[in-house]
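Step one of this worksheet: look at the structure below.
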Amino acid sequence: MIEIGKSYTIEQVVTPEMTARAIGSGGLEVFGTPFMMAMMEHAAMDCVQPDLPEGKGTVGVDIQSSHLAPTPVGMTVRATATVTGVSENGKLITFRVEASDDWGPIGEGTHTRAVIANDRFLQKCNSKLTERKYPQQLPKREESAALLPLFAMPAKKVVPPLQKLLQSEDGNRII
């Protein structure tokens with residue numbers, strides 16, 4: 001049984017691979033928001049996993065978070081998840097999530113995880129490779145292949161057209 005109020009904390013030293021620049025969510029060598037949110041989810045997962053029956057796990061279904069302060073490479077970050085609710089059927093667990101570094105709070109929010117049967121979840125996921133229940137909604141092979149170069153291009157080559165969209169006809173920035 002999962003108890004409301006139970007909490008769990010994980011910590012990690014920020015490395016250059018965990019920066020906003022490394023993940024592409026920003027241009028600076030500071031702890032990246034995606035990594036903070038991943039640590040929050042990890043803390044929530046570890047918080048409840050020991051209370052689940054064998055073969056069960058949890059998956060994140062929602063996270064709302066604010067990143068409040070920067071953290072430099074080399075500093076330790078802690079993420080804490082505290083159970084705030086469990087649905088009547090026991091399938092959804094809600095958490096308060098917080099992150100801090102050696103100077104204080106850097107992030108806060110809420111997170112929801114769904115309890116799943118690991119084998120059934122993986123089977124359903126992997127069936128996407130073999131079953132096509134809704135082929136009319138899937139892009140044609142030629143269409144999806146045409147999109148690949150957009151995702152493979154370095155950001156430098158994609159950004160200039162965006163800059164033009166943010167300029168008025170006389171060249172001044174709109175935003």
Side-chain angles (χ1 to χ4, degrees), residues 1-53 55-118 121-122 124-125 128 150-160 162-163 165-166 173-175:
M1 181 166 168
I2 297 171
E3 295 182 28
I4 293 175
K6 181 179 181 183
S7 69
Y8 190 83
T9 300
I10 62 170
E11 67 177 42
Q12 179 147 3
V13 174
V14 177
T15 65
E17 296 79 23
M18 298 169 67
T19 63
R21 174 177 275 166
I23 193 71
S25 66
L28 300 176
E29 295 284 327
V30 296
F31 185 51
T33 303
F35 293 104
M36 180 189 73
M37 293 174 74
M39 284 184 68
M40 291 170 165
E41 285 198 79
H42 189 167
M45 178 188 69
D46 285 355
C47 182
V48 297
Q49 187 61 47
D51 299 327
L52 298 176
K56 296 278 187 170
T58 60
V59 291
V61 296
D62 183 63
I63 188 163
Q64 304 291 318
S65 177
S66 296
H67 198 159
L68 307 170
T71 302
V73 170
M75 190 172 279
T76 299
V77 171
R78 283 162 294 287
T80 300
T82 304
V83 176
T84 58
V86 179
S87 65
E88 282 188 36
N89 64 7
K91 292 184 179 184
L92 292 176
I93 307 163
T94 55
F95 300 85
R96 166 109 177 111
V97 288
E98 301 167 301
S100 62
D101 62 20
D102 298 335
W103 281 50
I106 64 164
E108 62 185 15
T110 59
H111 179 45
T112 303
R113 298 189 73 77
V115 177
I116 50 104
N118 294 330
F121 187 85
L122 284 173
K124 183 177 180 181
C125 177
K128 288 182 170 185
L150 292 175
F151 297 109
M153 293 174 70
K156 293 178 193 170
K157 294 184 179 178
V158 176
V159 173
L162 179 61
Q163 290 174 338
L165 289 174
L166 300 176
R173 289 187 62 84
I174 296 172
I175 299 176

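We number each residue from 1, following the sequence as shown. Computed over heavy atoms, backbone and side chain alike; hydrogens, waters and symmetry mates excluded.
Here the closest non-hydrogen pair linking Val61 and Ala114 is CG1-CB, 3.8 Å. Between Thr80 and Ser7, the shortest heavy-atom contact is CG2-CB, 4.3 Å. Annotation for Gly90 and Val86: closest pair CA-CG1, 3.9 Å, computed over non-hydrogen atoms.
For the pair Thr58 and Val115, the minimum side-chain heavy-atom distance is below 4.5 Å. Between Ile10 and Met39, some side-chain heavy-atom pair lies under the 4.5 Å cut-off. The closest side-chain heavy-atom distance from Cys47 to Lys6 is below 4.5 Å. The shortest side-chain heavy-atom distance between Met37 and His111 does not fall under the 4.5 Å cut-off. Counting only heavy atoms from C-beta outward, the side chains of Phe35 and Gln12 never approach each other to under 4.5 Å. When side chains are defined from C-beta on, Gln49 does not count as touching Tyr8, because their heavy atoms never get closer than 4.5 Å. Side-chain contact check for Thr19 versus Val73: some heavy-atom pair is nearer than 4.5 Å. Within the 4.5 Å cutoff, the side chain of Met36 has heavy atoms near those of the Met40 side chain.
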Val13 and Thr76: CA distance, side-chain angles, deciding distance, side chain to side chain contact (heavy atoms under 4.5 Å, CB included) verdict: CA-CA 4 Å; Val13 174; Thr76 299; 3.6 Å; yes
Val48/Val83 under side chain to side chain contact (heavy atoms under 4.5 Å, CB included): CA gap, chis, key distance, verdict: CA-CA 8 Å; Val48 297; Val83 176; 3.9 Å; yes
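Rounding to the nearest 0.5 Å places CG of Asp62 at 10.0 Å from CG of Leu92. If you take CZ on Phe31 and OG1 on Thr15, they are separated by 9.0 Å, rounding to the nearest 0.5 Å. The CG atom of Leu52 sits 6.0 Å away from the CD1 atom of Ile93 when rounded to the nearest 0.5 Å.
Between the Arg78 side chain and the Asp101 main chain, a donor and an acceptor come within less than 3.5 Å of each other.
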